[in-house]
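A note on names: the letters A, B, ... follow the listed sequences, proteins ahead of strands, and every chain is numbered from 1.
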2 protein chains.
Amino acid sequence: MVGIVWWSGHTVKRGRSAGPDPGDWSTLSDWNRSQTEHQGAHGRSGRAGGREGGLGTMARNALRRQPTLDEVAVRAGVSRSVASRALNNAPHVSPAKREAVERAVRQLGYVPNPTARALATRQTGAAALVVSGEDPSIFADPFFAQVIVGASAALEEADLHLMLCLAASDRGRKRVAELMRSKGADGVMLMALREDDPLARVAEEAEMPVVFGGRPVGPAPRWYVDVDNLGGAREATEHLVSRGRTRVATLCGRLDTGAGRARYRGYRDAMLAAGLDPLPPREGDFTEPSGAAAMAALLADHPEVDGVFAANDNMAAGALRALREAGRQVPADVAVVGFDDLAVAGITDPPLTTVHQPIAALGREMARMLVALVDGQDPTPLILPTRLVTRASA
Amino acid sequence: MVGIVWWSGHTVKRGRSAGPDPGDWSTLSDWNRSQTEHQGAHGRSGRAGGREGGLGTMARNALRRQPTLDEVAVRAGVSRSVASRALNNAPHVSPAKREAVERAVRQLGYVPNPTARALATRQTGAAALVVSGEDPSIFADPFFAQVIVGASAALEEADLHLMLCLAASDRGRKRVAELMRSKGADGVMLMALREDDPLARVAEEAEMPVVFGGRPVGPAPRWYVDVDNLGGAREATEHLVSRGRTRVATLCGRLDTGAGRARYRGYRDAMLAAGLDPLPPREGDFTEPSGAAAMAALLADHPEVDGVFAANDNMAAGALRALREAGRQVPADVAVVGFDDLAVAGITDPPLTTVHQPIAALGREMARMLVALVDGQDPTPLILPTRLVTRASA
DNA sequence: GATGATCTTGGGAGCGCTCCCACTGGAAGC
DNA sequence: GCTTCCAGTGGGAGCGCTCCCAAGATCATC
């Protein structure tokens, strides 16, 4: 059996049958104690700290520690270099040794330590998805869940892990900034950035691969994936017009977001193209209550309205509720079109005609673009198509 | 200016004003090239690979590489040890030197390298949230988004990052297993595990802190956070009974999940306690369509039903739709109660009476429990209370 | 003023991996 | 037969940090 230096000067016998050695235990215990005392800036103490007086659990954990590549190499009768090459199936390894390494890996149950690998390669093997916004609950929108599903699948293909950062609080934003500056991830996907979000600048300064999800307001970033908000909104409005609606209004989303603005522009363009007067936008914040409020206000000011394009399904659902409460029939009196085609759209009464956007694809393409970027390629921005889904509301 | 060894035997001059040095550039370029050739098992090539012919960008990136703790120490005129202690505000550092280190950190824009720290401390600074299940789209349920919001906030307090793992595909499950075995995270939160999910065993074998979200079917794990499904379901059923409903059925969720089973049991208990006959459960899978289908089937077999407890809001929404299609009035003919109190519950027509469960709190408490575990404490399982929210449907 | 006790300090080993490089021996080319 | 080449190999430095330890500085105590 090989002797492995555990800490400076102390030796732990290894091998499956090696019995516990009191001397080593006390060493470990000392080490753990000092770990605990030296608790770092982040306020957590050492991992293996003194639960239930310690010896039993701690010693067991410590002795059964992960095998290292060195041990695999020894067992396979090769050098660490060869073992490493075999593991990463790199060239310059004879079939025999490759086989020996594989066997040793299996016997020892070896799993490479990703942290060590990350330190050596300067790649963390993780990509971060940052969702920015004041209110953490905006994230509760099922929209993000779908983005995540898509991104997760694409990252899985590239064998990257997904770190999720909800940059709502100041503290959260600071952590994201630090993550980027410290290169704690190989790349970042940035979503829902407001105008002048400082995180955009931090990302740039950190010179780290960044893909934007949704073109932010302002100058276009170099890499982004977006949905054809303009075209979708135009199509929605055209649909209302084609149904003979002439007094069509829009309940727009926050105009300091790219999507909110583009969807409003699409509405406006379509109205003008049809020779109709666009009504001034009613601004909401993409939530159901804001849609209901905007709709109520709209009805008060413009009772003659006969068609409504809402910036998303949540707001459309709110509009439907406000219309119901005002005694208007949908679509007979007022036709309503939403945007997103989330699950809600099928559940509302009446079911919502809405602009379908490929949300999971958005996530997937963001992730793929990021992977390409991390790989050193230079992908081009991408706009994903939308399509109108006709249901009962318009 | 200090000379820093870049790779073996080559030296790069450092400092803000150090001009580019052709010799070093070619070195870097060689290094990058070999990085690209040696692409590893994971199929991605070296990070800084040859985009746009290389020299410009690559050299700039490479030269402006992150300052290290050593450089901070040199600049502050102290040893690396002192710098490290100052940084982690550990004791045994004189105020003067502490100040000097802080200044150097500011001047250099130093950010500690989390990977190196992780390697040295054997703590990754990340916790994983694993969502298990065949279908990745189950994750699209807004439920998870809220769990994430809660967990994220709690992890933020402990300065841990959140890794999100959707263990849907075989590949995904394998990656999660490897993540656990390689200790790629300090702890894991496991959600939506089916009966006999192999990930549970892997987690145990990896001897890594694990908190279950929702008590899985089978023997209770040592650490879990759950919602009072039993009590909530009982309360929902009692509510229906108290409204004079006697032929009350349940549309239950998957009975191989802890929540599905507990909610069914709660219904059953309440019925028996009220001296009523529980109807055999109609099983769905927590989705809207499955709720509609189950409701339709129920109506076919038991047209006399006058009350329905659905295992969650999605299924309740489906039931509402099926009832509407069957021409039944809610709540006049059939009263409906859901479970979850998600956003849908307020949007359905009529709005849903439902059992509110503190989902964000579930995520938060899972994360807190995990942090405690990582800290070496031994927290006790937690059951969070539910409460009935009465709206129009029952 | 000598003897500890405590606080500060820097050196150095270690975390577990990757990758450069120098070296070997056999196949190919002349 | 001799170079030339290259697949195969192992040694060793390096990634950037933490933490042990021994030694020096400072202070209190008798």
Side-chain angles (χ1 to χ4, degrees), chain A residues 4-10 27 30-41 46 65-74 77-88 90-98 101 110-125 182-183, chain B residues 4-10 27 30-35 37-41 46 65-74 77-88 90-98 110-125 182-183:
Chain A
I4 302 276
V5 176
W6 166 254
W7 204 246
S8 57
H10 296 269
T27 300
D30 284 340
W31 183 74
N32 285 325
R33 189 160 344 105
S34 78
Q35 281 274 71
T36 307
E37 284 163 8
H38 269 285
Q39 74 181 51
R65 91 166 205 281
Q66 310 283 342
T68 68
L69 188 55
D70 280 280
E71 293 166 56
V72 170
V74 168
V78 302
S79 72
R80 192 172 6 92
S81 306
V82 170
S84 172
R85 281 192 295 260
L87 220 68
N88 296 296
H92 305 307
V93 181
S94 67
K97 304 224 159 177
R98 197 178 289 270
V101 170
Y110 169 78
V111 189
N113 178 322
T115 305
R117 183 175 280 189
L119 183 59
T121 60
R122 298 143 166 279
Q123 302 208 193
T124 62
S182 69
K183 303 244 184 305
Chain B
I4 301 276
V5 176
W6 166 255
W7 203 246
S8 57
H10 297 269
T27 300
D30 283 342
W31 183 73
N32 284 325
R33 192 162 338 108
S34 80
Q35 280 275 72
E37 285 163 7
H38 268 286
Q39 74 182 49
R65 96 166 201 279
Q66 311 281 344
T68 68
L69 187 56
D70 280 279
E71 294 166 55
V72 170
V74 168
V78 302
S79 74
R80 191 170 10 90
S81 307
V82 170
S84 172
R85 281 193 293 261
L87 219 69
N88 296 297
H92 306 308
V93 180
S94 66
K97 305 225 158 177
R98 196 179 290 271
Y110 170 78
V111 188
N113 178 323
T115 305
R117 184 176 281 190
L119 184 59
T121 59
R122 296 144 166 279
Q123 301 208 194
T124 63
S182 69
K183 304 244 184 304

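Note on A:Pro114: nothing from the nucleic acid sits closer than 4.0 angstrom, heavy atoms only. Here A:Thr68 lies in heavy-atom contact (under 4.0 Å) with sugar-phosphate atoms only.
A donor and an acceptor atom sit less than 3.5 Å apart, one in the side chain of A:Arg80 and one in the base of D:dG12. Below the 3.5 angstrom threshold, one finds no donor paired with an acceptor across the side chain of A:Thr115 and the base of C:dG16.
In this model, the phosphate group of D:dT9 is approached by a side-chain N or O of A:Lys97 to a distance below 4.0 Å at OP1 or OP2. Checking the phosphate oxygens (OP1, OP2) of D:dC15, no side-chain nitrogen or oxygen of B:Asn113 falls inside 4.0 Å. Residue B:Ser81 places none of its side-chain N or O atoms closer than 4.0 Å to OP1 or OP2 of C:dG10. For the OP1/OP2 pair of C:dT18 and a distance below 4.0 Å, the side-chain nitrogens and oxygens of A:Ser84 include at least one atom meeting the criterion.
When the side-chain contact (heavy atoms from CB on, under 4.5 Å) test is applied to A:Ser84, the partners found at least two apart in sequence or on another chain are A:Leu69, A:Asn88.
Taking every side-chain heavy atom of A:Ala116 into account, C:dG16 is the closest of D:dG10, C:dG16, D:dC17. With D:dG8, C:dT9, D:dT18 as the choices, the nucleotide that has an atom nearest any side-chain atom of B:Val82 turns out to be C:dT9. Taking every side-chain heavy atom of A:Leu119 into account, D:dG16 is the closest of D:dG16, C:dT18, D:dT9. When distances run from any side-chain atom of A:Val78 to the nucleotides D:dG10, D:dC17, C:dC17, the shortest one goes to D:dG10.
Whole-Å rounding puts the B:Arg122 CZ to C:dG14 P distance at 13 Å. The separation between B:His92 atom NE2 and C:dA5 atom P is 17 Å, rounded to whole Å. Spacing between atom CG of A:Asp70 and atom P of C:dG14 amounts to 12 Å, rounded to whole angstrom units. Distance CZ (A:Arg98) to C1' (D:dT9): 13 Å, rounded to an integer number of Å. Put simply, CZ on B:Arg85 is 21 Å from P on D:dG16, counting in whole angstrom units. The distance between atom CD of A:Gln123 and atom C1' of D:dG16, rounded to the nearest whole Å, is 17 Å. The CZ-P distance, from A:Arg117 to D:dG16, rounds to 18 Å in whole Å. Atom-to-atom, CG of A:Leu69 to C1' of C:dG14 comes out at 16 Å; the value is rounded to the nearest Å.
Taking all atoms of both residues into account, the shortest heavy-atom contact from B:Thr68 to B:Tyr110 is C-CE1, 3.5 Å. Across every non-hydrogen atom of B:Glu71 and B:Gln66, the tightest pair is OE2-O, 4.4 Å. Closest of all the heavy-atom pairs between A:Ser182 and B:Pro112 is CB-O, 3.5 Å.
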Every protein N/O lying under 3.5 Å from an N/O of nucleotides 22-28 of chain D:
none

Problem - A:Arg85 vs A:Val78, side chain to side chain contact (heavy atoms under 4.5 Å, CB included): CA-CA, chis, key distance, verdict - result: CA-CA 11 Å; A:Arg85 281 192 295 260; A:Val78 302; over 6 Å; no
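Rounding to the nearest 0.5 Å gives a distance of 11.0 Å between CD of B:Gln123 and OG1 of A:Thr115. A distance of 10.5 Å separates NE2 of A:His92 from CZ of A:Arg98, quoted to the nearest 0.5 Å.
You'll find the side chain of A:Val101 reaches within 4.5 Å of the side chain of A:Val72, heavy atoms only.
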